[in-house]
Amino acid sequence: MGGYISELFSEVMSPGNYPVMRYNKGSYRNFSQIIGLLCFYQGLAHEIGIIHGRKLGVFSYFCSHNFKGENMYRTHTCGELRMDNVGQHLTLAGWVQKNRDLGGMTFIDLRDRYGITQLVFNMETNAALCEEARKCGREFVIRVRGSVAERSNKNPKLPTGDIEILVDEISILNASDVPPFTIEDKSDGGDDLRMKYRYLDLRRNPLQKNIRLRHKMAKAVRDYLDDNEFVEVETPVLIKSTPEGARDFIVPSRMNEGQFYALPQSPQVFKQLLMISGYDRYFQIVKCFRDEDLRADRQPEFTQIDCEMAFVEQEDILTTFEGLASSLFKSILDLDISTPFLRMSWDQAMTEYGNDKPDLRFGMKIKEMTELVKGKGFPVFDQSEYVGAIKAENSSTYSRKQLDKLTDYVRRPQIGSKGLVYLKMNEDGSMKSSVDKFYPDEELRKWAELFDAKPGDLLLVLAGDEKQCLPALSELRLEMGRQLGLMNNGEFFPLWVVDFPLLEWDDESKRYHAMHHPFTSPKPEDMELLKTDPGKVRANAYDLVINGVEIGGGSIRIHNDELQQKMFDSLGFTKEEAQEQFGFLMNAFKYGAPPHGGVAFGFDRWVALFAGEDSIRDVIAFPKNNSGRDVMIDSPASVSTDQLDELKLNLKP
RNA sequence: GGUCAUGUAGUUCAGUUGGUUAGAAUGCCGGCCUGUCACGCCGGAGGUCGCGAGUUCGAGUCUCGUCGUGACCGCCA
């Protein structure tokens, strides 16, 4: 115990406790260290067990830890005491979860990170002590000393439910106002309120679990990459604004009047420079900043696992990082996910799933049927550029009402289909379609044949422009996946989507944009197309997709200044602009840049996926809301005119 | 920038076609209670129906505006 603390609190160091604590140290600790390690992995597996839908104790994860922080505030945690501890005299500290005053006796549930232990106070034994205990409201911070006793009424719902503490000393370390919502697994508080009192929300088990999972994942990432010779290098946060990509957050420079830093959207150029510097394998778990509108899976500041490797081709990178992914699946979720992961071309993903991040937990592939249905007199299909469908198995029992609801779903402006055509393959072998006026049975049989549809199946057909229709079919497919319960939270299907287009036409600015970023190398065999048909050029770029979530992406970079210059040409940069914005990188390429490439993973998304959460806010300790505000500290906020003056800034009226 | 949803007690919600004093549960406060663990029983306090206009004899309810929150589209290399 540190001298500082013992001086400050010498009055509480009653010598009576010490021999007991010492005694525990020797025998209990070594044993529990071994058990602790064993229990740790088991605990994580249990946690994931919940994701799998198995019913396991919520506390199992928290109780499996070996407490190393023995001091005058506590000798044990509220999660570790069992029948073996009966008779021990010890000290606990924590928060009052619940106070049950029965008149003659009072029970307090004492909570800390590790669990809950019941304290007992008895009027007959010590009335003054019992009165003191009655005063303790929810979330009071208290310390108690007492002896572990076997309960007469055990509670099988708690891991510590066999024992209780017969308290002989209580100190209220800090009283608490009544919290605005209950600190329980299922809080009664709404989102707004819990965000405003985030520090209270973070006391709750589900959040604690997520934050600890995040920590374990970060550590597992560092361990794997360290084992593979990667070096973690920090890169600057105050950098320079660049034209491509997302909007930058900018930071005024006081010492350089009228000039601004930008916060990095990613450490992209620095990691390439590190390859040129010979670091060979770099990584960083790093904050990135993008000033764009938010979503459930987007925050203005978010965390990437940023990686770069020299002397590698695409396949080397895919192999290395599917290794990272499968090692995380194993160490965190105890799941064996075999490698190599499936590789799917971007083209295939778009035609079969209408989406560059397909959820492969279920099939229901999109098939085109344009040729099959045209020229049969149904004007809607005849006038459509593209007709396609999906097959939902065992769904021919969908009612008129359900189909109407699906029609409304695809007609929402966000999806924008005009209507929905269906074909029911009834169990009795008959067929029913919304367009059987135009398509006789033998035509409908051909539809069924194309999809290998069996009695009981349901075909859902959309028509329109290919550009609108494929994404619409993708949304419909995902909606059906949800409705039919095909998206199991405990099941994971990772894949690499490869061969992305290099460039993407932007109608607004009437020029091509880099689909990934401007340092992505084109496929050598598509090089010729760069001049004739730039939109057709494929890139050495890839995304890691798990269950329909884009977990990460990367590319093999350009490592030669001539090609880089060509790329900037295609993007419509003048030589001068390119020199001004990226001159330092192109200069660096002149001094022996090795072939290199890399990848970056959205760490928040990955944690959310493993935690089974829909929103990354649930895995970030202090997230921002929909409008980029932190409602707890109330940021962003105005600054004083003094601050603005110092920066030589005027605000527009 | 756009679409949709939502805002009522500390909290979660209900509130009929526009009609008497706006309810329930939970939490909170007080009393009783010696084996509770969703403790129980009795009593009590607690409301600018987000804000501002409008329609109306009358608005929590209808209309418009505005603000907050959430989801999505655009956007996010």
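Just so we're clear, the structure is a prediction, and the values are computed from it rather than from any experiment.
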Q: With rounding to whole Å, what would you report as the distance between rA5(B) and rG44(B) at their P atoms?
A: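 It works out to 41 Å between them.
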Q: Quick check on RNA chain B: between Glu475(A) and Met105(A), whose nearest nucleotide comes earlier from the 5' end?
A: Met105(A)
Q: Please tell me which of Asp293(A) and Ser266(A) maps to the more 5' nucleotide of RNA chain B, matching each residue to the nucleotide holding its nearest heavy atom.
A: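 By nearest-heavy-atom nucleotide position, the 5'-most residue is Asp293(A).
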Q: Can you tell me the Watson-Crick or wobble partner of rC41(B), both distances under 3.5 angstrom?
A: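 The answer is rG31(B), by the H-bond criterion.
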Q: Name the residue from Arg557(A), His596(A), His559(A) that meets the side chain to side chain donor-acceptor pair (under 3.5 Å) definition with Gln272(A).
A: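 Going through the options one by one, the only one that passes is His596(A).
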Q: Starting at CD of Glu550(A) and ending at P of rC75(B), how long is that distance when rounded to a whole Å?
A: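 The distance from CD of Glu550(A) to P of rC75(B) comes to 15 Å, rounded to the nearest Å.
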Q: Quick test of your reading of the model: are Arg204(A) and Asp201(A) salt-bridged, counting only N-O distances below 4.0 Å?
A: yes
Q: What is the base-pairing partner of rA59(B), counting Watson-Crick and G-U wobble geometry with both distances under 3.5 Å?
A: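 Across any shown strand, rA59(B) pairs with none.
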Q: If I pick the C1' atom on rA45(B) and the same atom on rU26(B), what distance separates them, to the nearest angstrom?
A: 15 Å
Q: Using a cut-off of 4.0 Å on non-hydrogen atoms, how would the nucleic acid contact of Pro518(A) be classed: base, sugar-phosphate, or nothing?
A: base
Q: Please give the distance between the C1' atoms of rA38(B) and rC57(B) as a whole number of Å.
A: 49 Å
Q: Quick one about Tyr282(A) and Asp306(A) (side-chain donor to acceptor, distance below 3.5 Å, no hydrogens or angles considered), yes or no?
A: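 Yes, a side-chain donor-acceptor pair sits under 3.5 Å.
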Q: Does the plane of the ring in Trp606(A) sit parallel, tilted or perpendicular to the ring in Phe601(A)? Use 30° and 60° as the thresholds.
A: tilted
Q: Roughly how far, to the nearest 0.5 Å, is SG of Cys78(A) from CG of Asp112(A)?
A: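 These two atoms lie 4.0 Å from each other.
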Q: Just checking Lys196(A): does its NZ atom have more than 12 heavy atoms from other residues, nucleotides or ligands closer to it than 6.0 angstrom?
A: no
Q: Give the rounded distance in Å between these two atoms: CG of Asn153(A) and C1' of rG35(B).
A: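 For the pair Asn153(A) CG and rG35(B) C1', the rounded distance is 5 Å.
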Q: In this structure, how many angstroms lie between the P atom of rC75(B) and the CG atom of Asp248(A), rounded?
A: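 Atom CG in Asp248(A) sits about 18 Å away from atom P in rC75(B).
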Q: Give Leu294(A) one of three labels, base, sugar-phosphate or nothing, depending on what nucleic acid heavy atoms sit under 4.0 Å from its own.
A: nothing
Q: Looking at the side chain of Leu193(A), which of rG35(B), rU11(B), rC72(B) is the nearest nucleotide?
A: rU11(B)
Q: Would you mind pulling out the nucleotide paired to rG52(B), Watson-Crick or G-U wobble, both distances under 3.5 Å?
A: rC64(B)
Q: Answer with yes or no whether Arg100(A) presents, from its side chain, a donor or acceptor under 3.5 Å of a partner atom in the base of rC39(B).
A: no
Q: Can you check the distance between rA25(B) and rU21(B), where both ends of the measurement are the P atom (answer in whole Å)?
A: 23 Å
Q: Report the C-alpha separation of Met515(A) and Trp346(A) in whole Å, then their side-chain angles, then the decisive distance to 0.1 Å, and conclude whether the side chain to side chain contact (heavy atoms under 4.5 Å, CB included) test is met.
A: CA-CA 12 Å; Met515(A) 192 152 177; Trp346(A) 181 85; 3.9 Å; yes
Q: In whole Å, what separates the C1' atom of rC75(B) from that of rG7(B)?
A: 28 Å
Q: How would nucleotides 65-70 of chain B be written as a contact map, 5' to 3', with B for base contact, S for sugar-phosphate-only contact and - for no contact, using protein heavy atoms under 4.0 Å?
A: ----SB
Q: With both distances under 3.5 Å as the test, what is the Watson-Crick or G-U wobble partner of rC75(B)?
A: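 Answer to the pairing question: none, since rC75(B) forms no Watson-Crick or G-U pair.
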Q: Base, sugar-phosphate, or nothing: which does Glu244(A) touch, judged by heavy atoms less than 4.0 Å apart?
A: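 Here Glu244(A) touches no strand at all.
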Q: Applying the Watson-Crick and G-U wobble criteria at under 3.5 Å, what pairs with rU69(B)? Answer none if nothing qualifies.
A: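 Pairing partner: rA5(B).
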Q: Less than 4.5 Å apart, any side-chain heavy atom of Thr303(A) and any of Val286(A)?
A: no
Q: Please report the distance separating the P of rG10(B) from the corresponding atom of rU17(B), rounded so that it comes out in whole Å.
A: 28 Å
Q: May I ask you to say what Lys154(A) touches in the nucleic acid, namely base, sugar-phosphate or nothing, with a heavy-atom cut-off under 4.0 Å?
A: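 Base, at least one base atom sits under 4.0 Å.
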Q: Please report the distance separating the C1' of rG47(B) from the corresponding atom of rU11(B), rounded so that it comes out in whole Å.
A: 14 Å
Q: With a 4.0 Å cut-off on heavy atoms, is Glu124(A) in touch with a base, just the backbone sugar-phosphate, or nothing at all?
A: base
Q: Atom CZ of Arg295(A) and atom P of rC4(B): how far apart are they, to the nearest Å?
A: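 These atoms are roughly 16 Å apart.
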Q: Contact class for Gly190(A) vs. all strands (heavy atom < 4.0 Å): base, sugar-phosphate, or nothing?
A: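 Since only primed, P, OP1 and OP2 atoms lie under 4.0 Å of Gly190(A), the category is sugar-phosphate.
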Q: Within the 4.0 Å limit for protein heavy atoms, which parts of nucleotides 26-33 of chain B are touched? Write it as a string from 5' to 3', B for base, S for sugar-phosphate only, - for none.
A: -SS----B
Q: rG35(B) base to Glu164(A) side chain: any donor-acceptor pair below 3.5 Å?
A: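 Looking at the base of rG35(B), it does pair with a donor or acceptor on the side chain of Glu164(A) (distance under 3.5 Å).
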Q: If you measure from SG on Cys288(A) to CD on Gln268(A), what distance do you get to the nearest 0.5 Å?
A: 10.0 Å
Q: Would you say that Thr520(A) contacts Ile558(A) through its side chain, given a criterion of any heavy-atom pair below 4.5 Å between the two side chains?
A: no
Q: Strictly by Watson-Crick or wobble contacts shorter than 3.5 Å, is anything paired with rG23(B), and which nucleotide is it?
A: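 rC13(B) is the nucleotide pairing with rG23(B).
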Q: Just how far, in rounded Å, is C1' of rC39(B) from CG of Asn155(A)?
A: 12 Å
Q: I need the NE2-C1' distance between His517(A) and rC76(B), as an integer number of Å.
A: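 So the two atoms are 15 Å apart, to the nearest Å.
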Q: Between rC37(B) atom C1' and Gln97(A) atom CD, what is the distance in whole Å?
A: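 Between C1' of rC37(B) and CD of Gln97(A): 11 Å.
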Q: Would you mind pulling out the nucleotide paired to rG47(B), Watson-Crick or G-U wobble, both distances under 3.5 Å?
A: none
Q: How would you label the contact of Phe107(A) with the nucleic acid (heavy atoms, under 4.0 Å): base, sugar-phosphate, or nothing?
A: base
Q: Taking the six-membered ring where the residue is Trp, are the ring centres of Phe519(A) and Phe582(A) under 6.0 Å apart?
A: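 Yes - the distance between ring centres of Phe519(A) and Phe582(A) falls below the 6.0 Å cut-off.
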Q: For Asn126(A) and Asp168(A), run side chain to side chain contact (heavy atoms under 4.5 Å, CB included): C-alpha distance rounded to whole Å, both residues' side-chain angles, the deciding distance at 0.1 Å, then the answer.
A: CA-CA 8 Å; Asn126(A) 189 337; Asp168(A) 50 47; over 6 Å; no
Q: Is the Lys NZ or Arg CZ of Arg203(A) less than 6.0 Å from the centre of Tyr199(A)'s six-membered ring, within 45° of the axis?
A: no
Q: Please confirm whether Tyr542(A) and Phe500(A) have ring centers closer than 6.0 angstrom.
A: no
Q: Nearest whole angstrom, please: distance from the C1' of rU36(B) to the CD1 of Ile116(A).
A: 14 Å
Q: Among the nucleotides rU36(B), rU3(B), rC75(B), which one has an atom lying closest to any side-chain atom of Arg151(A)?
A: rU36(B)
Q: Going by heavy atoms closer than 4.0 Å, what residues in residues 578-586 of chain A are next to RNA chain B?
A: none
Q: If only side-chain N and O atoms count, and only distance matters, is there a donor-acceptor pair under 3.5 Å linking Asn210(A) with Glu613(A)?
A: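 Per modelled atom types, Glu613(A) and Asn210(A) side chains form a pair under 3.5 Å.
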Q: Determine the interatomic distance between P on rG50(B) and the same-named atom on rA14(B); round to the nearest Å.
A: 13 Å
